[in-house]
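We number each residue from 1, following the sequence as shown.
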Amino acid sequence: MSDYTDLDKKQDTHILHSMGYAQELERRMSSFSNFAVSFSIICILSGGINSLAQATAGAGGAAIGIGWPVGCFVSLVFAVAMAQISSAYPTAGGLYHWGSILGNRFTGWLTAWFNLLGLVTVLGAINVGTYYFFMGSFGTSYFGLTDTTTVRILFLVVITGAQALVNHMGIGLTAKLTDFSGYLIFATAIALAAVCLLAAPSYEFGRLFTFANYSGEAGGNVWPSTSGTWVFLLGLLLPIYTITGYDASAHTSEETVKAAHSVPRGMVSSVLWSALFGYIMLCAFVLMLPNMDDAAKQGWNVFFWAMDSQVNPVVKDLLYLAIFVSQWLCGLATVTSVSRMIFAFSRDGGLPASKALAKVSPKHRTPVAAIWTGSILSVLFVWFTSLDFMKIGETPVYTIVVSCTVIFLFFSFAIPITLGLFAWGTSKWDKMGPWNLGEGMFKLFAILSIIAMVLIFVIGIQPPNEAALFVTVGFLLLTAIVWFGFESRRFKGPPIGEEVARRQAEIAAAEKAVGEA
């Protein structure tokens, strides 16, 4: 980062000080690293593969050929609107601050809880997906492992613990690994696409735009029997679930050089590149399938079924290894995002034990307690929701909560975007950052984001995840009780106005404690 001058550093620090915060974390992430951390969490080799059956066992080829671009556009409208706000307010835990500054203490607190709950559960979901991928690729065939709750949780303890340890050791090491992850995802996606095309029995491009209805038994009961329209809409969850996590660029703002420029670019470019390479990879996979009807019947096993039947075993195992490493690195980047959200919310007293959770290690310049807390909570979430009695009807609670995860995350995106729609040009938001769409374009994307949020909520509560509606409503009621019963009197929110000036002595002391020059 030879182009990062003292003047640039002074500007980054000045912006942070103007918001009432110390430069406790270390700015070691380049613009590419900021892009790579979001690109790694999106990880088309994780969600794009582990959730593939939502498309192939739904609307068939059209769920990829048409559905993937549509779903990616839904994610893009959120990313573009968030990029505008992130350029003006580049802080760790960005969403929480945006919700507070553009709204009030309550909207900030609500945004934080939605985002935090979504991040913790999505970390668990990512690592569970990695576990099932490992079992399907190596665990059963090479190690003779059987899927049990004990094996699953032990696996998660090991890989999540390793991800937390790397994060503990400093953003420099984490950034190097997520940079590598970015290149690995690009290379593996292209290699997988090439292998699929070489193994394809024919190139029936028409199947990418052919609608089918494989709901019910025809699709291995991935989706209950429903109409063709609904099964296509449900298939949008594949790209929408996969193309999320780009808020990580905002969460690592305080560790990124030239953050006001780098963060919005990292956020938007991670979505665009993931959408493009994911489309190439998944279209190639669909073309490789011997028969769409037979593929749909495989349900959740469609990826391994196709690879086993069409690809050379040695080539297949090499691809599996690269995909497994990419998925682990996806979890690594997610730990970074979770921990920065916990850290940011805690330094304003938003969580129990906030003083400990907001502490930054002078040696490693990382929020150590936040890293391990987020990691442990994600494993506990998977363990608790995996217990035999944790079901609502015939649907496991884990599956329902993962569906809620998407809703919670996008709610946390939609709240500050909606507030920004009304705050533009007012005293709450009268100064834009260097990445500026202009009022008309921002408001267009903000309105599109609100429409997209309605779509995500509606399809997210459809069978077999209809209980997600009750979980979401229950969470809203619980947050209302907690806010009005306790937090409305206790929680002060981020520093604003004169409070920023009063914090200058604390800022200097905090920076001295961690060795910030």
Side-chain angles (χ1 to χ4, degrees), residues 1-5 8-9 12-13 16 23-43 45-46 83 86 90-94 119 123 126 159-188 245-271 273-274 325-344 360-368 370-372 374-375 514-517:
M1 294 184 293
S2 57
D3 61 335
Y4 188 53
T5 66
D8 293 328
K9 183 176 181 179
D12 280 334
T13 305
L16 196 55
Q23 182 65 66
E24 294 180 272
L25 303 177
E26 192 173 18
R27 290 193 188 268
R28 296 280 299 276
M29 297 182 72
S30 64
S31 294
F32 179 81
S33 296
N34 185 272
F35 154 80
V37 73
S38 285
F39 188 68
S40 296
I41 295 180
I42 292 172
C43 192
L45 299 173
S46 180
S86 72
T91 63
L119 286 171
L123 173 58
I126 286 168
I159 67 167
T160 310
Q163 291 159 350
L165 183 61
V166 170
N167 272 276
H168 180 135
M169 294 171 66
I171 193 61
L173 176 59
T174 303
K176 285 183 175 67
L177 287 173
T178 51
D179 285 357
F180 168 72
S181 173
Y183 293 116
L184 181 63
I185 292 170
F186 278 128
T188 305
Y246 38 85
D247 54 324
S249 288
H251 290 311
T252 53
S253 293
E254 293 176 28
E255 293 155 285
T256 300
V257 302
K258 303 179 185 178
H261 296 268
S262 302
V263 170
R265 290 174 183 169
M267 204 176 295
V268 174
S269 59
S270 66
V271 173
W273 284 111
S274 295
V325 172
S326 297
Q327 291 186 0
W328 183 82
L329 291 168
C330 170
L332 172 76
T334 307
V335 171
T336 307
S337 192
V338 173
S339 61
R340 274 42 174 190
M341 182 63 214
I342 293 174
F343 161 76
V360 173
S361 164
K363 180 179 180 181
H364 301 292
R365 299 290 294 273
T366 55
V368 170
I371 289 168
W372 288 100
S375 301
V514 296
E516 174 68 20

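Heavy-atom neighbours of Tyr183 OH from other residues, nucleotides or ligands within 6.0 Å: at or below the threshold of 12. Residue Trp372 qualifies as enclosed at atom CH2: its count of foreign heavy atoms under 6.0 Å is above 12.
Checked by atom type and distance alone, the side chain of Ser181 never pairs as donor or acceptor with a backbone atom of Leu177 at under 3.5 Å. Checked by atom type and distance alone, the side chain of Ser38 pairs as donor or acceptor with a backbone atom of Tyr246 at under 3.5 Å. Judged purely by atom type and a 3.5 angstrom limit, Gln163 uses its side chain to pair as donor or acceptor with the backbone of Trp328.
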**Report entry** Check against side chain to side chain contact (heavy atoms under 4.5 Å, CB included), Asp8 and Val257
**Finding:** CA-CA 8 Å; Asp8 293 328; Val257 302; over 6 Å; no

Report task. Apply side chain to side chain contact (heavy atoms under 4.5 Å, CB included) to the pair Val263 and Ser253, showing each step before the final yes or no. Result -> CA-CA 6 Å; Val263 170; Ser253 293; 3.5 Å; yes

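Considering only heavy atoms from C-beta on, Arg265 stays 4.5 Å or farther from Ser31 through its side chain. A heavy-atom distance below 4.5 Å is found between the side chains of Leu16 and Arg27. The closest side-chain heavy-atom distance from Ile185 to Cys43 is below 4.5 Å. Annotation: side chain of Gln327 is not in contact with side chain of Leu332 (no heavy-atom distance under 4.5 Å). Residues Phe343 and Val360 are in side-chain contact: their nearest non-hydrogen atoms beyond the backbone lie under 4.5 Å apart. Using a 4.5 Å heavy-atom cutoff, the side chains of Met341 and Asp247 are not in contact.
Residues Thr256 and Ser262 approach most closely at CG2-CB, 3.7 Å, considering heavy atoms. Residues Val368 and His168 approach most closely at CG1-CE1, 3.4 Å, considering heavy atoms. The shortest non-hydrogen separation linking Leu123 to Ser375 is CD2-CA, 4.2 Å. For the residue pair Pro367 and Leu25, the shortest heavy atom distance occurs at CD-CD2, 3.8 Å. A pairwise comparison of heavy atoms in Ala333 and Thr178 identifies CB-CG2, 4.0 Å as the closest pair. Closest approach of Gly170 to Thr366, counting heavy atoms only: CA-CG2, 3.5 Å.
Separating the OG atom in Ser86 from the NE2 atom in His251 is a distance of 11.5 Å, to the nearest 0.5 Å. Rounding to the nearest 0.5 Å gives a distance of 11.5 Å between OG of Ser361 and CE of Met169. Distance check: Asn34 CG to Asp179 CG gives 10.5 Å after rounding to the nearest 0.5 Å. Between atom CZ of residue Phe35 and atom OG of residue Ser33 there is a gap of 10.5 Å, rounded to the nearest 0.5 Å.
Using a cut-off of 4.0 Å between Lys/Arg side-chain N and Asp/Glu carboxylate O, Arg365 and Glu516 are scored as salt-bridged.
The side chain to side chain donor-acceptor pair (under 3.5 Å) test with Glu255 singles out one residue from Arg28, Arg340, Gln23, and that residue is Arg340.
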